[in-house]
Structure formats: structure tokens, C-alpha cells
Asks: 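The structure under discussion is supplied below as C-alpha cells; questions concerning it will follow.
Naming: A, B, ... by sequence-line order, numbering from 1 per chain.
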Amino acid sequence: MASVNVSPEPAPKRRSPSRLLMSVGYYIVLAALVIITVFPIYWMVTTAIRPATENLTYPPSLWPKSLDLEPVRRLFQDGNIGRWIINSTLLSTLVTAICVLMAIFGAYVLSMMRWRGRAVFAVFLLMTQMLPEALIIVPIYKIYTDIGLRESLYGLSLIDAAFVLPICVWVLKNMFDTVPREVREAALVDGAGPMRVLFQIVLPITLPGLVAVGVVAFFYAWNEFLFAQTMITTESSKPASVGLASMITMLDTPIERLLAAGFLFAIPPVLFYIAMQRYIIAGITAGAVKG
Amino acid sequence: MSLLNRVGTADHPGKSAPFSKTATGAQKRRFALPSLLPYALALPILAYEAYFILYPILQQIRLSFYQQPMGAAEEWAGLANYSRMLTDPSFWSVVRVSLMYLVGVVVVAIGFALASALMLNRHFRGRTVTRAVMTMPWAFPDVPTVLVFLWMLNPNFGVLNVFALWLPWVESAPNWLMDTRLAFVSIVLITAWKGFPFYSLVILAALQTVPAELSEAARVDGASKVQVFFAVTLPGIMPTLLLLTVLASIFSFKQFTIIWLLTGGGPAGATETIVIRIYNTAFRFYDFSYAAVLGVAGFVMALTVALVFLAAQRRQDLEAA
């Protein structure tokens, strides 16, 4: 990969053959990378929208030859899918409410207040964020059995929120850190109390961060499988992640239907995560990149 | 650079409380009392996390010293659960699989992420769209990921068989999830597929903070592109790569859904990480006290990983200083 042009002047317009070759190679590698990344999602959609006869042949055609949207259209008509989506929406909304409410104060004390124990608080949040859920599934299951929270979406929302709250705090803290000091000081000089500063000055200008927190919390619960699977066995209160997974072992589920349901389930998180990725990623890495 | 140093406030690090800094006399009095305010605001979170996370951890440790035969009361067991675990050969197999899985996912995911970040760091037409598209696996939920990969790996109709048979040395369609080695490789690659876009975006952000003048100057001095990468770019993003290694280790250590739904830990324990073993012990064999002891072992493993990387970070800080 010896370089041809080391002069400080801008490269000449006309490209030499070896540079052209490099550039073609670059696009080939890039295309391969994109294909590897996207192919499973493409395959999911392809399988979902074409007739079963095309899916159940080997070797399969790499693109649909004809369309059959019947499985997609019938998703909500029979089975429990509608019920599952409603359950998931309720669960995710509860988790979002808990997390947004608490994260506002957590981010505020981490970002804008100096107090003894702040570092300990930060480490505590980092530690809980890193703890694998499955490590404490047994004691949580026992506690939930004792206090009667199993089989309840409300009970499930409490434990989901406990695990996603630390990330929510970081995402919002990162956003709060961008508020100029002068803005807050001006309000303080005008006689506003700390809570008024928070709700009337800080929050309105960090609204995207608050939306990002909502997205993180909502889709954590939406995607969460371990606690949901363990705590909820009643068919009518299953959230969609557990319901979908249970379709795998139901032998009569046609593959088109299964993948159509899975894709439908995946659309909302994909859209929202990509829209809010800037804030979410900065929060998860806790500002590490800025260093 | 350590994780903890990052916890700065919005204000200049090391300066005193923003609420007392510029306050007039009257406000000073007003804010002298609210020094309790941060504690009051942090308390709900602390109490919440203490009840749902700290308390279960303590319960877990307590439980690991007890045994509970089905339907009977708990009885003190001393270190019996521990000695059972340490002398169980299948436990050490679980430890080995966990570590191999962790290393596999970290190497593949971060390697792939670095490659794609370097590719995406150039200017080309359609860059924004490509970036958004390359982010999708990260946002794709676990259960649908499993659904589509189960279908792609299907022994009869799976599309990956088609691709595998393109390879000259493959003669018959592989039975992906029934073969111990292929099953392990499959779950590593699937986890890496889902994880790498996140690392790629973080590396991309870090690449953009490496000053362009530095690499330009090196190029003017006659360094080749490869030399520039190793002398300028790589040191510039090294702290980020290290942090991502920590994050990727933790994320792969946490991974439950993908492994459990794809293989359930099989075949013959080839994909059974400690997290899967805990779940199977508790909810397939209903052996809660043994699952509790495995959970304690999981803490020890997670802490070890965290400490190794903290030490690595400290060393890097010292070298940089």
C-alpha cells in the first residue's frame, strides 16, 4: 500500500491506474461489509413477504419471485399477537415513566451539584449498569414469589426499570453537561431555586436527552426477555418478546408468519434508536470518547 | 483515563458548588440549607436500586450457604454448595466456554467494528445512508435476531447452507447448531453481528477527534498510510478501544437471550456460558441453592474481568503520563 503521492499539493485530478484500483477495491470491501451487516434483516423481510412454496424449497432463491402479503395482513386477526403487543406497550410505558422521573433527579445531582458521595453514587450506578441480569435471577425470583409480584406486568416493570435506570441517568447527565454554566447562573441570580432551574431552564433545553432516555427505557423493556420469560407464564399477560419466542417451539407456526411478526416487533426500536443514536451512544459510553 | 475520572460535572472539574459560586448574600443563606438537596434527590434512586439489586445480591450470597430440598425448608449447608461446584468438572467447562465466548465476541466484534469505522471515516457518496443502515443490527431486538438466524441456519432450507457450499472445502450442508464447534462459532458470530455497529459508531466518533493535521504532517514527512495508521491514528483511538473492550466483555458476559434461544447451552454444553448454566440449574432442574452458588461465581468472574481492565487502563495512563 505504498503511497504514490506524498507532495503537500492537492492530488492531481487525473487518477493514476493504481489509485483507481485502490478506490475500486475500497468500494468492494465496503459493499461486502454492508451486505454482511444487512443480509439477515433483508432475509427476514424476504421470507416474510413471499409465498411458503418459495421458502420451503432448497436452494432458496435470493430474492422473492412473487409476493404474498397474506401472512402479514393476518398477523393481528388470529392468535395472541395483538394481545402481546398491548402487554409490551403497557410494560414499556410503565418502565419509561419510572425511569424518566428518577433519571431527571439522578442526572441533575450528578451533573450540576457538588456533594460528598457524588463519586460513590456514580460508581454505584456504573456497577449496577454492568451487572448481568441473569446472575441475580434466582434471588429476584424468590423475592417476587414471596411478595406476590410474579405474573404481573407491574412487578415486571419494577425490575426492568431497576436495570435500565443507571443507563438512563448517564444518558441524561451527558446531556445536562452541555448546558452552559452561565444560563443556570443567570437564573440563580434572578432568584430561582434549584428546582425551578431544573424544570424551567435545564429541562426545556435538554429535551432531546429526555426523549433519548424515554427511548432507552421503553425499548429496554420492549426487548427484555430473561425476566419476562421467568416471571410471566400466564398466556394472557405475556409481553411480545416472550410470546414471539414461544412461537419458535409451536410446530404449526409457518415461517412467513413467524418472521413477519418478528419484523413488526423490530421496526419501532430500529427507527427510534437510529433517530436518537447520538445521545444514546454517548450516554452508554459515559462520555469516554470525548477524552 | 479511567471510567471513574469521566464523572465530571458540567462545571470546571474541582470547583465548588455551582449554587454557592455566584450567589449573593441572600441567596447564600437560601442555599446553605439545601446542601441536603442532592442527597434528597439521590435517595429515591439509591433506595430503589438497593431494594431491587443490592438486596437480591445479598440474598444470593446467603442462599449459597443453604440447601433447600424440593418443598422442604432451607437448611444451613456451610460450604457444601461451594465444594460441589469446585469439584464439578462441568463447572470448569462452563468457565472455559464463558471465557472463550467472551474473547471470541470481543475480538470479532471490535475487529469488525474497527474495520468498518475506518471504511466509513472516508468521504463517499451515500455515506450518511450507509452509516444508518450499518447501525441497524445494534437496534435490532434479540428475539427477532434469533428468529431470523434460526431460519438462516435451518438444516433443510437455511440460506447459509447455500453460502457454505460455495466454499471449496465444504461438501455437505453443515448442521450448524447440532455440531459443537459450529454451534459455538455461530453464537459468537451472531452476537458479534448484533454488537459491532455500536462499537463501530463509537470508534468512528473517536477517529474524528484525531487531529487531521497530525496525519497530514506525517504524510508530508513521507510516512505511508499504514505507518500513519499505526503511529498516529491507532494511538489516538487506543483509550476508546480499551474502553470498548471492557464494554464488549461485559455485554457478552451478560448475553442470555441469543444463546438460550438458539442452543439452550447445547449441544453437549458447547455453548453453555455461566449465565445459561445458572438459568438451566434454577429453572430446568429447580436447584436454587446450586444456582445461587453459580451466581456468586459469576460475580467473581465479572469482577475479575473488570479489575483486569482497570489495571490495564491504569498502566496505559501511567505510560501516557
Asks: Does any heavy atom of chain B fall under 4.5 Å from the side chain of A/Leu258, the backbone, both, or neither of them?
Replies: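 Both parts, heavy atoms under 4.5 Å.
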
Asks: Which region of B/Phe299, side chain (C-beta onward) or backbone (N, CA, C, O), has a non-hydrogen atom less than 4.5 Å from a non-hydrogen atom of chain A, or is it both or neither?
Replies: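 When you check distances to chain A, atoms from both the backbone and side chain of B/Phe299 fall under 4.5 Å.
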
Asks: Taking the six-membered ring for Trp, are the ring centroids of B/Phe112 and B/Tyr199 within less than 6.0 Å of each other?
Replies: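 No, the ring of B/Phe112 stays outside the 6.0 Å limit from the ring of B/Tyr199, centre to centre.
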
Asks: Side chains of A/Leu135 and B/Lys254: does their closest heavy-atom pair fall under 4.5 Å?
Replies: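 They are not in contact (no side-chain heavy atoms under 4.5 Å apart), so the answer is no.
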
Asks: Is it the backbone or the side chain of A/Ala161 that comes under 4.5 Å from a heavy atom of chain B, or both, or neither?
Replies: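 Both parts, backbone and side chain.
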
Asks: Between A/Ala261, A/Pro59, A/Ser241, which has the largest tally of heavy atom pairs under 4.5 Å with chain B?
Replies: A/Ser241

Asks: Tell me whether A/Asp177 is salt-bridged to A/Lys173, with the criterion being a basic N under 4.0 Å from an acidic carboxylate O.
Replies: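 Between A/Lys173 and A/Asp177 there is a salt bridge, with a charged N closer than 4.0 Å to a carboxylate O.
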
Asks: Quick check on B/Leu247 against chain A: is it the side chain, the backbone, both or neither that has a heavy atom closer than 4.5 Å?
Replies: side chain

Asks: In terms of heavy-atom proximity below 4.5 Å to chain B, should A/Leu125 be classed as side chain, backbone, both, or neither?
Replies: side chain

Asks: For chain B, which candidate among A/Met127, A/Arg116, A/Arg278, A/Glu224 shows the most heavy-atom pairs at distances under 4.5 Å?
Replies: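 Between A/Met127, A/Arg116, A/Arg278, A/Glu224, the count favours A/Arg116.
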
Asks: Output the option from A/Phe124, A/Phe105, A/Phe225, A/Tyr273 having the highest count of non-hydrogen pairs under 4.5 Å with chain B.
Replies: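 Top option by heavy-atom pairs under 4.5 Å: A/Phe225.
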
Asks: Do B/Lys225 and B/Arg219 come close enough that some side-chain heavy atom pair is under 4.5 Å?
Replies: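 The answer is yes; the side chains approach within 4.5 Å.
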
Asks: Using non-hydrogen atoms and a 4.5 Å limit, figure out which bit of A/Ile267 sits close to chain B: side chain, backbone, both or neither.
Replies: neither

Asks: Name the region of A/Leu56, side chain, backbone, both or neither, that has any atom closer than 4.5 Å to a heavy atom of chain B.
Replies: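 Both parts, heavy atoms under 4.5 Å.
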
Asks: Need one label for A/Glu182: side chain, backbone, both or neither, based on atoms under 4.5 Å from any heavy atom in chain B.
Replies: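 Contact with chain B involves no heavy atom of A/Glu182 at all.
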
Asks: Is there side-chain contact between B/Leu41 and A/Met113, with heavy atoms separated by less than 4.5 Å?
Replies: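 Yes, their side chains come closer than 4.5 Å.
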
Asks: Hey, does A/Trp43 have a side-chain heavy atom less than 4.5 Å from the side chain of A/Pro60?
Replies: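 Side chain of A/Pro60 against side chain of A/Trp43, heavy atoms only: contact under 4.5 Å found.
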
Asks: Under 4.5 Å from any heavy atom of chain A, what part of B/Ser116 do you find: side chain, backbone, both or neither?
Replies: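 Both parts, backbone and side chain.
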
Asks: Please state whether the side chain, the backbone, both or neither of B/Leu54 comes within less than 4.5 Å of a heavy atom of chain A.
Replies: side chain

Asks: So for A/Tyr26, is it side chain, backbone, both, or neither that comes closer than 4.5 Å to the heavy atoms of chain B?
Replies: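 Contact with chain B is through both the backbone and side chain of A/Tyr26.
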
Asks: Which residue out of A/Asn223, A/Thr37, A/Leu62 racks up the most heavy-atom pairs below 4.5 Å with chain B?
Replies: A/Thr37

Asks: Could you have a look at A/Leu244, A/Ile98, A/Val242, A/Leu226 and say which one has the most heavy-atom pairs with chain B under 4.5 angstrom?
Replies: A/Leu226

Asks: What part of B/Ile250 gets closer than 4.5 Å to chain A, counting heavy atoms only: side chain, backbone, both or neither?
Replies: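 It is the side chain, since no backbone atom gets that close.
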
Asks: Could you tell me which of A/Thr128, A/Ile41, A/Ile159, A/Ile137 has the largest number of non-hydrogen atom pairs under 4.5 Å with chain B?
Replies: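 Sorted descending by pairs with chain B, the first entry is A/Ile41.
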
Asks: What's the verdict on side chain to side chain donor-acceptor pair (under 3.5 Å) for A/Thr47 and B/Trp151, showing C-alpha distance, side-chain angles and the deciding distance?
Replies: CA-CA 9 Å; A/Thr47 308; B/Trp151 173 235; 3.2 Å; yes

Asks: So for A/Leu131, is it side chain, backbone, both, or neither that comes closer than 4.5 Å to the heavy atoms of chain B?
Replies: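 Both backbone and side chain of A/Leu131 come within 4.5 Å of chain B.
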
Asks: Select one option (side chain, backbone, both, neither) describing which atoms of B/Leu147 are under 4.5 Å from chain A's heavy atoms.
Replies: both

Asks: With a 4.5 angstrom heavy-atom cut-off, is it the side chain or the backbone of A/Ile143 that approaches chain B, or both, or neither?
Replies: side chain

Asks: Would you call the rings of B/Tyr286 and B/Phe288 parallel, tilted or perpendicular, where under 30° means parallel and over 60° means perpendicular?
Replies: parallel

Asks: Which answer fits A/Phe39, side chain, backbone, both or neither, if we ask what part of it has an atom under 4.5 Å from a heavy atom of chain B?
Replies: side chain

Asks: Which region of A/Tyr42, side chain (C-beta onward) or backbone (N, CA, C, O), has a non-hydrogen atom less than 4.5 Å from a non-hydrogen atom of chain B, or is it both or neither?
Replies: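 Contact with chain B: none, neither part.
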
Asks: Which region of B/Val148, side chain (C-beta onward) or backbone (N, CA, C, O), has a non-hydrogen atom less than 4.5 Å from a non-hydrogen atom of chain A, or is it both or neither?
Replies: both

Asks: Quick check: do B/Phe124 and B/Thr130 have side-chain heavy atoms less than 4.5 Å from each other?
Replies: yes

Asks: Would you mind checking which part of B/Tyr279 comes under 4.5 Å of any heavy atom in chain A, side chain (CB onward), backbone (N, CA, C, O), both or neither?
Replies: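 The side chain, not the backbone.
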
